[in-house]
Participant: 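Here it is, the structure, as structure tokens.
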Amino acid sequence: MKRPEKEAVIAELTDKFRNADAIYLTEYRGLTVPQISDLREKLGRDTSYAVAKNTLARIAAKEAGIEGLDELLAGPTAITFVNGDAIAGAKVLRDFAKKNKALIVKGGFYDGTVYDAEGTKQLADLKSRPELLSEMAGAIKGTMSKAAYLFTALPTKAVRTIDALREKQEKAA
């Protein structure tokens, strides 16, 4: 690759490193073109799966201000740039790697932290944003139901007590 071409690739990769919400590095050796196409489709539109030379990727990562990926950028490496839900991207890679043993997740970078393969697996095990939001909504709804019950319980108990006293007085009279 000639120098201007390398500079263009580095500039493009640097831009992708800067704009990505998460970056995952995988070893793709042994995957067929249809399998890689299937993976790209499963990752979605907001995610790109690119193969780049490790030296160019290292330079681009450093230019983007990301340190610590040097160890992961060894051997045949494909880079997944996730824009959007970073956890969902990790889940797709984990699930795809379970079905296709040739894909090996090496690690990643998310929220200012470099993760090894195990750390990336733990990220994939986290609940996604929609799941957490729905759980939070359910918890709030349950709390509101309990509060509504408590607010109506005292007046209801008072009415029942007064009614019981009234009945007692009517029987006594």
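Computed from a predicted model, the values in this text were never measured in an experiment.
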Participant: Nearest 0.5 Å please: distance from the OG1 atom of T80 over to the CG atom of L25.
Facilitator: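 So the OG1 of T80 and the CG of L25 are separated by 7.5 Å.
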
Participant: Could you tell me which non-hydrogen atom of A61 sits nearest to which non-hydrogen atom of L69, and how far apart they are?
Facilitator: CB-CD1, 4.2 Å

Participant: Apply side chain to side chain donor-acceptor pair (under 3.5 Å) to Y28 and list each qualifying residue two or more places apart in sequence or on a separate chain.
Facilitator: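 Testing Y28 for side chain to side chain donor-acceptor pair (under 3.5 Å), a comparison that skips the adjacent residues, returns none.
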
Participant: With the side chain counted from C-beta on, respond yes when E63 and L13 share a heavy-atom pair under 4.5 Å apart, and no when they do not.
Facilitator: no

Participant: Going by the rule ring-ring contact (aromatic ring centres under 6.0 Å, His included), which residues pair with F17 if we only count those two or more places apart in sequence or in a different chain?
Facilitator: F81

Participant: So if you build clusters from Ile, Leu, Val, Met, Phe, Trp, Tyr with side-chain heavy-atom gaps below 4.5 Å, do L93 and V51 land together?
Facilitator: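 Yes, because L93 and V51 connect within a single hydrophobic cluster, where side-chain heavy atoms sit under 4.5 Å apart.
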
Participant: Looking only at non-hydrogen atoms, find the nearest pair between G30 and A102 and report the distance.
Facilitator: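 In this case the closest contact between G30 and A102 is C-CB, 3.8 Å.
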
Participant: State plainly whether the residues E7 and R3 are in salt-bridge range, i.e. N to O under 4.0 Å.
Facilitator: yes

Participant: With sequence neighbours left out, what residues match R94 under side chain to side chain donor-acceptor pair (under 3.5 Å)?
Facilitator: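 Applying side chain to side chain donor-acceptor pair (under 3.5 Å) to R94 gives D125.
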
Participant: Has the side chain of D85 got a donor or acceptor atom that lies under 3.5 Å from a matching backbone atom of I87?
Facilitator: yes

Participant: May I ask you to decide if T120's main-chain N or O and Y110's side chain share a donor-acceptor pair within less than 3.5 Å?
Facilitator: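 It does not hold such a pair.
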
Participant: If you round to the nearest 0.5 Å, how far is CG of L103 from CD of E27?
Facilitator: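 Reported value, rounded in 0.5 Å steps: 9.0 Å.
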
Participant: So do the side chains of Y24 and L123 get within less than 4.5 Å of each other, counting heavy atoms only?
Facilitator: yes

Participant: Taking NZ, NE, NH1 and NH2 as the nitrogens, is one of them in D95 or K99 under 4.0 Å from a carboxylate oxygen of the other?
Facilitator: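 Judged by the 4.0 Å cut-off on N to carboxylate O distance, D95 and K99 do not form a salt bridge.
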
Participant: So do F96 and L31 actually touch side chain to side chain, heavy atoms under 4.5 Å?
Facilitator: yes

Participant: Under the side chain to side chain donor-acceptor pair (under 3.5 Å) rule, collect the residues that match up with K16, sequence neighbours excluded.
Facilitator: none

Participant: If I compare all heavy atoms of T47 with all of N83, which pair ends up nearest, and what's the gap?
Facilitator: OG1-N, 4.4 Å

Participant: Could you list the residues that satisfy side-chain contact (heavy atoms from CB on, under 4.5 Å) with T55, not counting sequence neighbours?
Facilitator: K53, R58

Participant: Would you compute the distance between atom CD of E41 and atom CG of D38 and round it to the nearest 0.5 angstrom?
Facilitator: 6.0 Å

Participant: Nearest 0.5 angstrom please: Q169 CD to R166 CZ, how far?
Facilitator: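 So the gap between those two atoms works out to 9.5 Å.
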
Participant: State the OH-CG distance between Y49 and L43, to the nearest 0.5 angstrom.
Facilitator: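 It comes to 8.0 Å.
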
Participant: Please confirm whether the backbone N or O of T26 pairs with a side-chain atom of K106, one donor and one acceptor, at under 3.5 Å?
Facilitator: no

Participant: Checking D46 side chain against V82 main chain: does a donor-acceptor pair fall under 3.5 Å?
Facilitator: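 Pair absent, no side-chain N/O of D46 close to backbone of V82.
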
Participant: To the nearest 0.5 angstrom, please state how far the CD1 atom of I23 sits from the CD1 atom of I66.
Facilitator: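 If we round to the nearest 0.5 Å, I23:CD1 and I66:CD1 are 3.5 Å apart.
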
Participant: Backbone N or O of G84 within a donor-acceptor pair of the D21 side chain at under 3.5 Å?
Facilitator: yes

Participant: Measure from the side-chain N and O atoms of R18 to the backbone N and O of G65, and report whether any donor-acceptor pair falls under 3.5 Å.
Facilitator: no

Participant: If you count the non-hydrogen atoms of other residues, nucleotides and ligands that lie under 6.0 Å from CD in E71, is the total more than 12?
Facilitator: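 No - once you tally the heavy atoms of other residues, nucleotides and ligands closer than 6.0 Å, there are 12 at most.
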
Participant: Can you give me every donor-acceptor pair (side chain of residues 152-162, partner residue at least two apart or in another chain, under 3.5 Å) with its distance?
Facilitator:
residue, atom, partner, partner atom, Å
T152, OG1, A148, O, 3.1
T152, OG1, Y149, O, 3.1
T156, OG1, T152, O, 2.6
T161, OG1, K157, O, 2.8

Participant: Do I59 and V114 share a hydrophobic cluster (ILVMFWY, side-chain heavy atoms under 4.5 Å, transitive)?
Facilitator: yes

